[in-house]
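Just the heavy atoms: all of them, side chains too, but no hydrogens, waters or symmetry mates, feed the values below.
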Amino acid sequence: MSSSIFMWLSHPKHRESFWLLGAILAAKIVLAVIDHESRFFMGDSVSYLATAVDGWIPPDRSFLYGYFIRWVVLPFQNIEVLVFAQVVLSALTVWLGVEIVRRAGLQNRLLLWGLGLVWAVAPIQLMYERFMMSECVSLFVFAIHLAIGAQFIRRPHAIWFGALALTAFLLVALRVSYLPNVMLSAVVLPLMALHPSSTGSSSPDSPWGPRVRATAVYLALSLVLTGVALTGYKQLYAYKSGNPLAYHARQGYFILATVTPLLSPSDFADPDLRAAVFAEGGLDLKDPALREEQLWNGEGLLRRMERWIGDSNAVDQVAREIAMDAIVSHPVKFIGLGWMNARAYLQPEIVAEMVRLDLNRDRPLFGEFEHKLIESLSYNGDWKRSSLTADFFFQSVPWYVLLVAVSLPLGLAAMAVSFSRDRLALFAATHLLMAFGVVMWLAITATVRYLHVVEFLFLLTLGLTAAELLARRSTRAEKQAAAGAE
């Protein structure tokens, strides 16, 4: 066994990969030793700890992260284990991203190592290693998902769709917001077989017939396996929560709250419901800044609907129907919601306020939650105090503005650059655009933590596009040298 490992490491490419992983992990651990203060987001963290300690399944979010805490952290009864476990997973996430870029052909060591170290200290990723939130663990699974996709692009084989389906299950079980990206992979990845990249085993000059047949098989297999995985998760959620078959029991709530600026009383077809919702007055549906209030506030839209309808599952169904009708009826206004969110992200003073809210320094710990932290995880920290990572997170407002300003043009440019040659850069760019779209159009509010996956995909797409452009320049130089020699 040891001799096999030694032989593996003796290969220059493997040795480079090993040292990259070591450097990324060392940087992360040093920072964690300096600052391992745990952080919490009231509401989300409360739900996850309740799942870990009591087995409670929340009605309004995925539940697997709570079991991650139960299986990995509770046995040690020490909350610092959570931080260091997430630091290790974050290091592996960065390494997977750099490995995808390296295997795509980026051979310049200075650029490769620079990308890895910049990636290792990306501020959103760095901050959420310390939060009792599902961002870090889910991003690790997503990096595996993308690495499997990259492997399929290099060497197409049906077996990869089974692995993709497994990661699809885990992703929606951790964060349902990954569902659009999971579905994107299920459709886009099989289509890559129509025109294999230059690193694939098939020649771009091969006949169309076999490629079309292979693509049809891959697409059918991908859709079936992904569908089985997602249905399996919904059945598991229904079994454990006692709710109807769904990703979670409040999907309609979130969708309706997100699109409330599109609504008017006429969108409520049931006259009795319309009267009950609007009779009390004081309901401002048009102000997009109040969308969270519509969801959580006792006088918000959803709570008023609950008081009239009663059953929360019935409310969810009605909310979903109203929201989808509003989107179909007002597509231009719906597009405008995305622009409104983007505009908020492009204003540094608003983004600074988002960061302050993400850090939650103004909110106390809930009494029962604090008791569970102390009793189950020996927590005795001060989660509001300033720290190296929190200060860096707060000072990185220009980075968050840059992410939003550049992600869309970068994704489109990467697609244009890679469309005829590099399937891997194209795959990453489509995911970047999808993640960007989810944040802008499907998020109930603009907040920096929703950019977590965008940050990862931005750096991945940037690295892959750079690799493609450098490869093209090298090819041109070789052709010119050959022409000169003749």
Side-chain angles (χ1 to χ4, degrees), residues 35 37-48 60-61 90 121-136 138-139 175-178 254 257-261 284 287-297 300 336-365 383-408 410 432 435-459:
D35 175 16
E37 186 66 49
S38 302
R39 302 279 171 176
F40 311 101
F41 197 88
M42 292 301 96
D44 301 64
S45 298
V46 173
S47 294
Y48 295 133
D60 54 1
R61 69 193 74 245
S90 182
V121 295
I124 306 176
Q125 185 186 88
L126 203 62
M127 187 71 252
Y128 278 88
E129 295 165 6
R130 287 148 181 80
F131 267 87
M132 184 180 283
M133 296 282 284
S134 63
E135 273 78 358
C136 182
S138 61
L139 188 62
R175 281 184 68 77
V176 76
S177 59
Y178 279 99
F254 280 91
T258 299
V259 302
T260 48
D284 184 359
D287 188 349
L290 298 178
R291 288 183 292 175
E292 278 195 297
E293 298 293 318
Q294 307 296 356
L295 179 61
W296 304 115
N297 190 283
L337 284 180
W339 167 240
M340 178 206 64
N341 276 342
R343 197 169 48 187
Y345 279 113
L346 294 174
Q347 299 179 58
E349 65 279 6
I350 295 179
V351 177
E353 179 63 14
M354 294 179 198
V355 173
R356 190 187 67 79
L357 292 173
D358 271 11
L359 291 173
N360 262 275
R361 285 175 172 166
D362 296 338
R363 298 181 66 181
L365 292 177
W383 72 297
K384 291 186 179 183
R385 74 180 180 188
S386 179
S387 69
L388 175 67
T389 308
D391 290 345
F392 179 54
F393 182 63
F394 193 82
Q395 296 299 324
S396 298
V397 168
W399 169 244
Y400 313 137
V401 175
L402 177 72
L403 278 179
V404 174
V406 180
S407 286
L408 180 59
L410 173 64
L432 172 61
F436 182 83
V438 168
V439 172
M440 296 307 148
W441 278 277
L442 298 182
I444 192 172
T445 187
T447 180
V448 169
R449 70 187 177 94
Y450 291 162
L451 297 175
H452 188 240
V453 67
V454 174
E455 180 182 66
F456 179 85
L457 288 166
F458 176 88
L459 291 168

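No cation-pi contact links R449 to Y128, judged by a cut-off of 6.0 Å to the six-membered ring centre and 45° from its axis.
E37 CD to S386 OG: the interatomic distance, rounded to the nearest 0.5 Å, is 10.5 Å. Rounded to the nearest 0.5 angstrom, D60 CG and W296 CH2 are separated by 4.5 Å. F393 contributes atom CZ, which lies 6.5 Å from atom CD1 of I124 (distance to the nearest 0.5 angstrom). Here NE2 of H452 is found 10.0 Å from CE of M133. Values are rounded to the nearest 0.5 Å. Rounding to the nearest 0.5 Å gives a distance of 13.5 Å between CD of Q125 and CG of L451. Here CG of L337 is found 10.0 Å from CH2 of W441. Values are rounded to the nearest 0.5 Å.
Looking at R291, its side chain does come within 3.5 Å of a backbone N or O of P288 through a donor-acceptor pair. Formation of a donor-acceptor pair under 3.5 Å by the S407 side chain with backbone atoms of V404 is not found in this model. Side-chain atoms of S387 come within 3.5 Å of backbone atoms of A390 as a donor-acceptor pair (strictly under, hydrogens ignored). With hydrogens and angles disregarded, no donor-acceptor distance shorter than 3.5 Å links the side chain of R356 to the backbone of A352.
I444 has its side chain within reach of L295: a pair of non-hydrogen atoms, C-beta onward, lies under 4.5 Å apart. Side-chain contact check for L410 versus L432: some heavy-atom pair is nearer than 4.5 Å. By the 4.5 Å heavy-atom criterion applied to side chains, R61 and S47 are counted as neighbours. Residues L403 and F436 have side chains not in contact (no heavy-atom distance under 4.5 Å, counting atoms from C-beta outward). A heavy-atom distance below 4.5 Å is not found between the side chains of Y345 and R343.
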Exercise. I would like to know whether D358 and T447 meet side chain to side chain contact (heavy atoms under 4.5 Å, CB included); could you show each step before the answer?
Key: CA-CA 7 Å; D358 271 11; T447 180; 2.6 Å; yes
Quiz prompt | Worked check of side chain to side chain donor-acceptor pair (under 3.5 Å) between E129 and S90 | solution = CA-CA 7 Å; E129 295 165 6; S90 182; 2.6 Å; yes
Exercise. Begin with the C-alpha distance, continue with both residues' side-chain angles, and end with the deciding distance and a verdict on side chain to side chain contact (heavy atoms under 4.5 Å, CB included) for D35 and F392.
Key: CA-CA 11 Å; D35 175 16; F392 179 54; over 6 Å; no
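The heavy-atom pair separating A443 from N341 by the smallest distance is O-ND2, 3.9 Å. Here the closest heavy-atom approach between residue S138 and residue R175 is recorded as OG-CD, 3.3 Å. Taking both residues in full, the closest heavy atoms of F131 and M127 are given as CD1-O, 3.5 Å, listed atom of the first, atom of the second, then distance.
Sorted by first and then second residue, the side-chain hydrogen bond (donor to acceptor under 3.5 Å, both in side chains) pairs with a member in residues 393-405 read W399-E455; sequence neighbours excluded.
Between the side chains of T389 and R39, no donor N or O sits under 3.5 Å from an acceptor N or O.
Qualifying side-chain contact (heavy atoms from CB on, under 4.5 Å) partners for V401, counting only residues two or more places apart in sequence or in other chains: L346, P348, V351, V397.
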